[in-house]
4 protein chains.
Amino acid sequence: MGRKQSFTETELLDVTKRLILEHGYDGFHLKLLSQHLSGARSTIYQYYSNKEEIVAACMKRVISQIMQNASSIDETDAMSALQQLLHVYMEESKLHQLLGDASKIKTQNVKALEDLAFVEQAHSFLKVQLSRLFEQAQKEGKLREDLPLPVLIGTFFNLINTPNLMNVPTQQWSSLLFQIWIGGSKR
Amino acid sequence: MGRKQSFTETELLDVTKRLILEHGYDGFHLKLLSQHLSGARSTIYQYYSNKEEIVAACMKRVISQIMQNASSIDETDAMSALQQLLHVYMEESKLHQLLGDASKIKTQNVKALEDLAFVEQAHSFLKVQLSRLFEQAQKEGKLREDLPLPVLIGTFFNLINTPNLMNVPTQQWSSLLFQIWIGGSKR
Amino acid sequence: MGRKQSFTETELLDVTKRLILEHGYDGFHLKLLSQHLSGARSTIYQYYSNKEEIVAACMKRVISQIMQNASSIDETDAMSALQQLLHVYMEESKLHQLLGDASKIKTQNVKALEDLAFVEQAHSFLKVQLSRLFEQAQKEGKLREDLPLPVLIGTFFNLINTPNLMNVPTQQWSSLLFQIWIGGSKR
Amino acid sequence: MGRKQSFTETELLDVTKRLILEHGYDGFHLKLLSQHLSGARSTIYQYYSNKEEIVAACMKRVISQIMQNASSIDETDAMSALQQLLHVYMEESKLHQLLGDASKIKTQNVKALEDLAFVEQAHSFLKVQLSRLFEQAQKEGKLREDLPLPVLIGTFFNLINTPNLMNVPTQQWSSLLFQIWIGGSKR
DNA sequence: AATGAATGAGCTTTCATTCAT
DNA sequence: AATGAATGAAAGCTCATTCAT
């Protein structure tokens with residue numbers, strides 16, 4: 001019954017994600033959002049009761065997807081798993097930037113808080129997985145041992161931010177970066 | 001003699017920089033700025049005629065400093081110059097983030113536009129310098145040749161974003177990252 | 001046969017009355033109303049075409065009830081009639097408060113205007129009845145004559161607002177107040 | 001320094017009081033308020049950070065005035081003190097109505113909460129004073145003893161709501177009501 | 001007939017900018 | 001020159017009412 005919806009929840013969250021990445025949390029307005037959707041601004045409030053809820057839901061969806069992909073990786077071979085993991089991260093390379101805004105959300109709203117708590121948990125799940133794989137790889141003698149693990153992890157994770165100026169396809173790009181990370185830049 | 005000056009232009013720009021990095025361009029307000037200065041909000045207009053001018057001036061100052069440091073590097077030995085350059089960048093590791101916001105400034109204001117043009121030029125000066133050093137290094141046989149230069153440059157430049165989780169002092173940190181970048185992570 | 005009616009008109013008006021008394025005219029929303037009914041907000045418009053109509057109908061129903069009770073009182077003995085009348089008023093002690101909001105309703109709506117006119121008339125019927133009984137009582141020598149009737153009427157009518165802090169049952173409460181009104185508070 | 005204010009805080013609170021009494025808490029808008037002041041709506045926010053703060057400050061001012069008047073009454077003779085007290089209340093006969101809205105203010109705002117706490121305290125101070133005077137009067141044998149004190153207090157306090165249809169000047173009106181309350185309405 | 005969805009009008013609040021002392 | 005005060009534009013949000021299934 002009732003009319004048919006003018007935009008789906010998925011559309012809404014997709015557009016939200018794009019706009020937050022483009023304009024940052026503070027630059028993201030519901031007016032802006034509605035301009036990129038088919039309906040009126042007030043219609044959005046039928047689905048989410050305020051801005052925070054929208055952003056939180058958006059972040060949850062993004063990290064959920066990543067966590068799902070990350071947890072389906074076969075971890076038998078640590079190095080191979082790391083390479084796959086890099087690819088997973090790469091596909092959401094703006095993840096970090098997006099989640100960086102999470103701390104700006106100050107809200108009492110229960111739904112938003114729940115979503116943010118989920119994001120938090122997913123975040124630490126991913127960290128744990130990464131540490132686990134690194135330890136495993138180091139045990140297998142695949143990684144240099146003259147450096148503290150956090151430093152290696154940091155450089156690995158930071159790869160996702162590398163600007164892909166030549167627009168190499170994601171799969172190749174992630175594999176390329178992995179090779180550089182492993183072997184270094186010197187001849 | 002007039003009243004005592006309530007804050008200097010330098011203070012103003014320093015605080016601006018900090019606040020933009022903390023809150024992002026859209027999260028940066030003149031109200032916020034004045035709260036972190038000793039005078040009244042309206043006094044800011046004695047120095048700059050609007051928000052965009054302030055931000056542009058701030059960016060100009062930051063990149064000027066970098067450019068000055070970068071251009072005083074002795075480029076005789078390419079690899080050594082690159083390491084020094086990394087350190088210069090590192091000291092303003094948030095540069096990228098800051099300049100990323102430059103594109104958000106839409107203004108007609110002449111002064112702001114001039115400052116932004118300067119930023120633009122400095123930006124390309126730095127890129128040229130970087131390319132020059134990379135080519136030199138490659139000619140000297142110091143860098144692998146199986147990869148296009150832009151990819152190497154990208155990974156090099158991206159080093160500055162690596163999160164320094166263990167708070168290693170900047171000088172050591174930049175040198176550490178440079179070693180990893182050169183030699184890779186494998187044993 | 002159509003769908004089952006989700007709420008009756010009586011339910012609607014009862015809830016309306018309760019909510020207006022609780023939240024005042026301006027604090028009364030159709031959203032609030034629908035939350036206290038079983039159906040959807042839009043269903044309300046099957047019964048009444050707007051908010052004003054609902055409130056007007058509600059007021060009409062309340063004052064109708066009172067007028068009916070008030071007009072069935074045996075007026076042979078003025079003082080006894082007054083006591084009974086007080087009881088009638090008391091049962092709708094919030095009447096005054098409710099009707100006070102009537103003046104806030106600005107509408108062109110015919111149905112609402114008709115209902116408000118009815119309320120007006122009933123109001124004056126009650127005033128007339130009250131005056132009649134007071135005159136009668138005064139003639140019978142039951143009331144002091146050193147005071148203008150309107151003053152006595154005012155104090156009488158105002159009795160219904162007396163806060164019943166000890167929650168005495170209505171019947172006793174109205175009779176108690178009547179005694180005080182008659183005899184005063186002095187020893 | 002700075003411009004001169006377009007309205008004083010006193011004006012603001014006076015108008016607020018009038019409008020709340022006229023329209024109730026929910027019917028009171030800042031737009032309405034600004035329409036009854038000389039400046040723009042946003043100017044109000046220079047003095048109070050939101051609606052709740054304004055209303056709370058208004059209530060505080062009203063009850064402060066009353067409390068001050070009430071506490072300067074000479075309580076040596078209980079009955080005389082009561083009559084004076086009635087007059088004090090009468091001058092702010094809408095007090096009750098105004099304070100009734102206090103419970104509608106749900107806020108986290110510290111300033112508003114402090115003002116509301118003050119209102120609460122003043123309220124209970126007044127109740128205590130009233131009870132004290134009633135007990136004193138009863139001891140002096142001035143009041144009937146066949147009724148519980150709360151009932152007498154309730155009828156006394158309720159006097160202030162009596163509609164003054166003939167617009168008797170306040171001083172006379174309060175004294176008139178007091179006589180009726182003491183002596184009753186019977187001949 | 002009942003209702004889920006859409007929407008514009010209107011209120012609250014914030015902030016860049018201007019004014020006047 | 002410095003600043004307290006004023007203000008309009010724009011964002012956030014709510015609600016009465018209408019639409020279309």
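Chain letters run A, B, ... following the sequence lines, proteins first and then strands; every chain starts at 1. Nothing here was measured: the structure is a model prediction, and the numbers come from that model.
- Between A:Tyr45 and the phosphate of F:dT14, there is no side-chain N or O to OP1/OP2 separation shorter than 4.0 Å.
- In this structure, C:Tyr25 places its OH atom 10 Å from P of F:dA16, rounding to the nearest Å.
- Here E:dT12 sits opposite F:dA11 as a Watson-Crick or G-U wobble pair (both hydrogen-bonding atom distances under 3.5 Å).
- The environment of D:Lys94 atom NZ is sparse: at most 12 non-hydrogen atoms of other residues, nucleotides or ligands sit within 6.0 angstrom.
- With DNA chain E read from its 5' end, the first of the two nearest nucleotides for A:Arg3 and B:Arg41 is the one closest to A:Arg3.
- Distance from the side chain of A:Ser42 is smallest to F:dC15 among E:dT3, F:dT3, F:dC15.
- With hydrogens and angles left out, the side-chain atoms of C:Glu53 and C:Asn109 include a donor and acceptor closer than 3.5 Å.
- In this structure the side chain of D:Leu12 reaches within 4.5 angstrom of the side chain of D:Tyr48, judged on heavy atoms.
- Residue A:Ser49 is the one, among A:Ser49 and C:Asn50, whose nearest nucleotide of DNA chain F lies closer to the 5' end (criterion: closest heavy atom).
- Counting any heavy atom pair closer than 4.0 Å across all strands shown, A:Tyr48 reaches no nucleic acid atom.
- Residue order along DNA chain F, read from the 5' end via each residue's closest nucleotide, puts B:Ile44 first among B:Ile44 and C:Lys51.
- Regarding D:Asp26, its CG atom lies at a distance of 14 Å from the P atom of E:dC11, rounded to whole Å.
- Nucleotide E:dT12 holds its P atom 11 Å from the CD atom of D:Gln35, rounded to whole Å.
- A salt bridge links A:Lys17 with A:Glu92: the distance from a Lys NZ or Arg NE/NH1/NH2 to an Asp or Glu carboxylate oxygen falls below 4.0 Å.
- Rounded to whole Å, atom C1' of E:dA16 lies 15 Å from atom CD1 of B:Ile105.
- Place D:Leu32 and A:Gly2 on DNA chain E by their nearest nucleotides, and A:Gly2 ends up nearer the 5' end.
- Within the structure, every side-chain polar atom (N or O) of D:Ser6 is placed at least 4.0 Å from both OP1 and OP2 of F:dA5.
- As the counterpart of F:dA20, E:dT3 is assigned, both hydrogen-bonding distances of the Watson-Crick or G-U wobble pattern falling under 3.5 Å.
- Summarising the local packing, CD of D:Glu120 is surrounded by 12 or fewer heavy atoms from other residues, nucleotides or ligands at distances under 6.0 Å.
- Rounded to whole Å, atom P of F:dC15 lies 15 Å from atom CD1 of C:Ile54.
- Between B:Asp115 and B:Arg61 there is no salt bridge, since none of the side-chain N atoms of the basic residue sits less than 4.0 Å from a carboxylate O of the acidic one.
- A sub-4.0 Å separation between OP1 or OP2 of E:dA5 and a side-chain N or O of A:Gln46 is absent.
- In this structure, C:Thr43 reaches the E:dT3 phosphate: one of its side-chain N or O atoms is under 4.0 Å from OP1 or OP2.
- Between B:His29 and E:dT14 there is no side-chain polar atom (N or O) within less than 4.0 angstrom of OP1 or OP2.
- Atom pair D:Leu19:CG and E:dC11:P shows a separation of 14 Å (rounding to whole Å applied).
- Rounding to whole angstrom units, CG of residue A:Leu33 and C1' of F:dA10 are separated by 16 Å.
- Rounded to an integer number of Å, the gap from NZ of D:Lys31 to C1' of E:dT13 is 15 Å.
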